[in-house]
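Everything on this sheet refers to the single structure shown next.
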Amino acid sequence: MGKVIALSNQKGGVGKTTTTVNLAASLAIAEKRVLLIDFDPQGNASSALGVDRNAMKDRPTVYHALIGQAPLSQVIVPTEMECLFVAPSDGDLAGAEIELVSAFAREAKLKAAVAEIKDQYDFILIDCPPSLGLLTVNALNAADSFLVPLQCEYFALEGLSQLLHTVSLIRQSLNPKLEEEGILLTMFDGRNNLANEVVKEVRTHFSNQVFETVIPRNVRLSECSSFGKPVLLYDIDSKGCLAYLNLAKEVLARNQPKTQAQPGLSAAPVLPPPAQSASVSVAADPR
Ligand code: ATP
Ligand code: MG
């Protein structure tokens, strides 16, 4: 069965989509079969993986799967990477929040859609919108775990308690097995004292819930999406690419089957050694 991870933070622009796309690609290069579900009406993850908006016009999207007009399997399209697939979205998805208001089991629509394809993937990553509305509730209900990208800036922790409160409500009422995948510090600039303070504070408060890997601010990460490519296919030597490969390594290590020996990491020979100091010491240069 695939592991479903929802990437969520109701704060906008914190690196959810960048993380979903590049973690998905980094897991796919380690020969994991990965599906990215674009669950944001902005459709940024779809564009970042090269989905042509015009070609999508006559195809079903995640919206159609959510309202029961098409199975999710018909929505999924391949990407440039062999093991990476995407279920694209567009602005229609915004309508689903309203259309589903009176629907029976409206919080479980995505979960039902995912159930049909879950066993075909090793990982299913859901890119959530910047809100805690019905779409995010659907994502957290469909997920086995949630990952919170947190931008290294002054108000980073603002809103996190609201997200964790939503998670606890979802655990109580809908999805008691929802686990924490971890908190990921993003857009770190080592030259900025404040960023260093934020890293310290988050590590103090959340200790081992925080990934060792810290994603640096790196211009290649913002450039690659306008080319419709994950950074792996755009600049494999960039610091941003290295950081997401390290994140994938951590995610793989956290998700090793407990009963087996640990052969999984050898399936990821491209992954460099743990990022720890690299991640904290890197300055935001272009590569
Ligand atoms: P939204 O809430 O609107 O969905 P988001 O949380 O998904 O936003 P992203 O779209 O991933 O955030 O990132 C916001 C902007 O910051 C984008 O322009 C992206 O290219 C850029 N960005 C993200 N991560 C980095 C990084 N590590 N270094 C430099 N730029 C980054
Ligand atoms: Mg986004």
Side-chain angles (χ1 to χ4, degrees), residues 5-26 36-51 53 62 86-91 93-94 97 125-133 135-136 139 146-153 155-160 162-163 166 183-192 195 198-199 202 211 213-248 275 278-287:
I5 306 176
L7 287 91
S8 180
N9 185 336
Q10 79 276 22
K11 224 164 143 49
V14 297
K16 292 181 289 294
T17 301
T18 305
T19 298
T20 315
V21 167
N22 291 297
L23 174 59
S26 302
L36 186 157
I37 298 178
D38 186 351
F39 213 44
D40 185 346
Q42 296 179 98
N44 293 340
S46 308
S47 322
L49 284 175
V51 173
R53 296 276 175 118
V62 170
V86 57
S89 278
D90 59 16
L93 188 58
E97 278 206 269
L125 305 188
I126 307 173
D127 183 28
C128 292
S131 81
L132 292 174
L135 289 175
T136 296
F146 66 100
L147 188 160
V148 186
L150 209 64
Q151 190 177 349
C152 296
E153 53 145 40
F155 293 113
L157 292 171
E158 204 188 60
L160 185 59
Q162 213 182 336
L163 172 62
T166 303
I183 295 173
L184 175 70
L185 292 157
T186 63
M187 299 191 217
F188 176 78
D189 181 350
R191 296 168 302 186
N192 181 338
V198 171
V199 171
V202 173
F211 286 100
T213 305
V214 176
I215 307 299
R217 192 170 273 285
N218 177 244
V219 71
R220 295 289 190 264
L221 287 171
S222 46
E223 285 170 0
C224 63
S225 16
S226 55
F227 290 91
K229 289 177 190 295
V231 72
L232 254 174
L233 301 184
Y234 179 70
D235 187 350
I236 197 168
D237 296 321
S238 63
K239 286 182 175 141
C241 184
L242 191 71
Y244 278 111
L245 287 168
N246 279 321
L247 176 65
S279 52
V280 179
S281 62
V282 278
D285 71 30
R287 288 187 52 115

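Numbering of ligands and ligand atoms starts at 1, following listing order. Note: hydrogens, waters and symmetry copies are ignored here, and every other heavy atom, side chains too, is used.
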Legend entry - Residue and atom name of the nearest protein heavy atom (relative to atom 10 (O) of ligand 1), distance in Å to one decimal: Thr17 CB, 4.0 Å

Inset, instruction - Looking only at distances, please establish whether an N/O atom of ligand 1 is found under 3.5 Å from an N/O atom of Gly12. - result: no

Inset, instruction - Note the single closest protein heavy atom to atom 21 (C) of ligand 1, along with its residue, its atom name and the distance in Å. - result: Ser222 CB, 4.2 Å

Inset, instruction - Report, in ascending order of atom number, the atoms of ligand 1 lying under 4.0 Å from any heavy atom of Asn218. - result: 26 (C), 28 (N), 29 (C)

Inset, instruction - Provide the number and element of each atom of ligand 1 under 4.0 Å from a heavy atom of Ile215. - result: 27 (N)

Legend entry - Residues Lys11, Glu153; criterion salt bridge (charged side-chain N to carboxylate O under 4.0 Å, His left out); working and verdict: CA-CA 12 Å; Lys11 224 164 143 49; Glu153 53 145 40; 3.6 Å; yes

Inset, instruction - Report the distance from atom CD1 of Ile215 to atom OG1 of Thr18, rounding to the nearest 0.5 Å. - result: 10.0 Å

Inset, instruction - Please say whether Thr18 places an N or O atom under 3.5 Å from an N or O atom belonging to ligand 1. - result: yes

Inset, instruction - Please tell me if the side chains of Pro130 and Asp40 come closer than 4.5 Å, counting only heavy atoms from C-beta onward. - result: yes

Inset, instruction - Would you verify that at least one protein heavy atom lies under 4.0 Å from atom 15 (C) of ligand 1, or report that none does? - result: no

Legend entry - N or O pair under 3.5 Å between Arg217 and ligand 1: no

Inset, instruction - Answer with yes or no whether Pro216 contacts ligand 1, where contact means a heavy atom under 4.0 Å from a ligand atom. - result: yes

Inset, instruction - Would you indicate whether the side-chain heavy atoms of Ile37 and Leu125 approach each other to under 4.5 Å? - result: no

Legend entry - Heavy-atom check, side chain of Tyr244 versus side chain of Leu232, under 4.5 Å: no

Legend entry - Side-chain heavy-atom pair Pro149, Lys16 within 4.5 angstrom cut-off: yes

Inset, instruction - Indicate yes or no for a side-chain donor-acceptor contact from Ser8 to the backbone of Cys128 under 3.5 Å, with no hydrogens or angles considered. - result: no

Inset, instruction - Evaluate the side-chain proximity of Val199 to Cys152: yes if any heavy-atom separation is below 4.5 Å, no if none is. - result: yes

Inset, instruction - Would you mind telling me if ligand 1 is within reach of the side chain of Val14, the backbone, both or neither, using heavy atoms under 4.0 Å? - result: both

Legend entry - Pick from Pro149, Cys128, Gly13: the one approaching atom 8 (O) of ligand 1 most closely through a non-hydrogen atom: Gly13

Inset, instruction - Give a yes or no on whether atom 23 (C) of ligand 1 lies under 4.0 Å from any heavy atom of the protein. - result: yes

Legend entry - Heavy-atom nearest neighbour in the protein, as seen from atom 12 (O) of ligand 1, with distance rounded to 0.1 Å: Gly15 N, 3.0 Å

Inset, instruction - Please examine the side chains of Val14 and Leu150, heavy atoms only from C-beta on, and report whether any two atoms are closer than 4.5 Å. - result: no

Legend entry - Heteroatom distance test (Asn44, ligand 1): nitrogen or oxygen, under 3.5 angstrom: no

Inset, instruction - Using a distance threshold of 4.0 Å (strictly less than), state whether atom 18 (O) of ligand 1 has a protein heavy-atom neighbour. - result: no

Legend entry - Student check: side-chain heavy atoms of Asp90 and Pro41 closer than 4.5 Å: no

Inset, instruction - Would you mind running through ligand 1 and noting each atom that sits below 4.0 Å from a heavy atom of Asp40? - result: 4 (O)

Inset, instruction - Compare all side-chain heavy atoms of Thr166 with those of Thr136 and state whether any distance is below 4.5 angstrom. - result: no

Legend entry - Heteroatom N/O/S of Gln42 within less than 2.8 Å of the Mg ion (ligand 2): no

Legend entry - N or O pair under 3.5 Å between Thr19 and ligand 1: no

Legend entry - Expected output: side-chain Asn44 to main-chain Thr17 donor-acceptor under 3.5 Å: no

Legend entry - Check: Lys16 N/O within less than 3.5 Å of ligand 1 N/O: yes

Inset, instruction - Do me a favour and list the nearest non-hydrogen protein atom to atom 25 (C) of ligand 1 with residue, atom name and distance? - result: Met187 CG, 3.7 Å

Legend entry - Test of proximity, Leu221 against ligand 1: N or O pairs below 3.5 Å: no

Inset, instruction - Hey, could you give me the CZ/CD1 distance between Phe146 and Ile5, rounded to the nearest 0.5 Å? - result: 11.5 Å

Inset, instruction - Run the numbers for me: atoms of ligand 1, each under 4.0 Å from some heavy atom of Gln42, listed by number. - result: 1 (P), 3 (O), 4 (O)

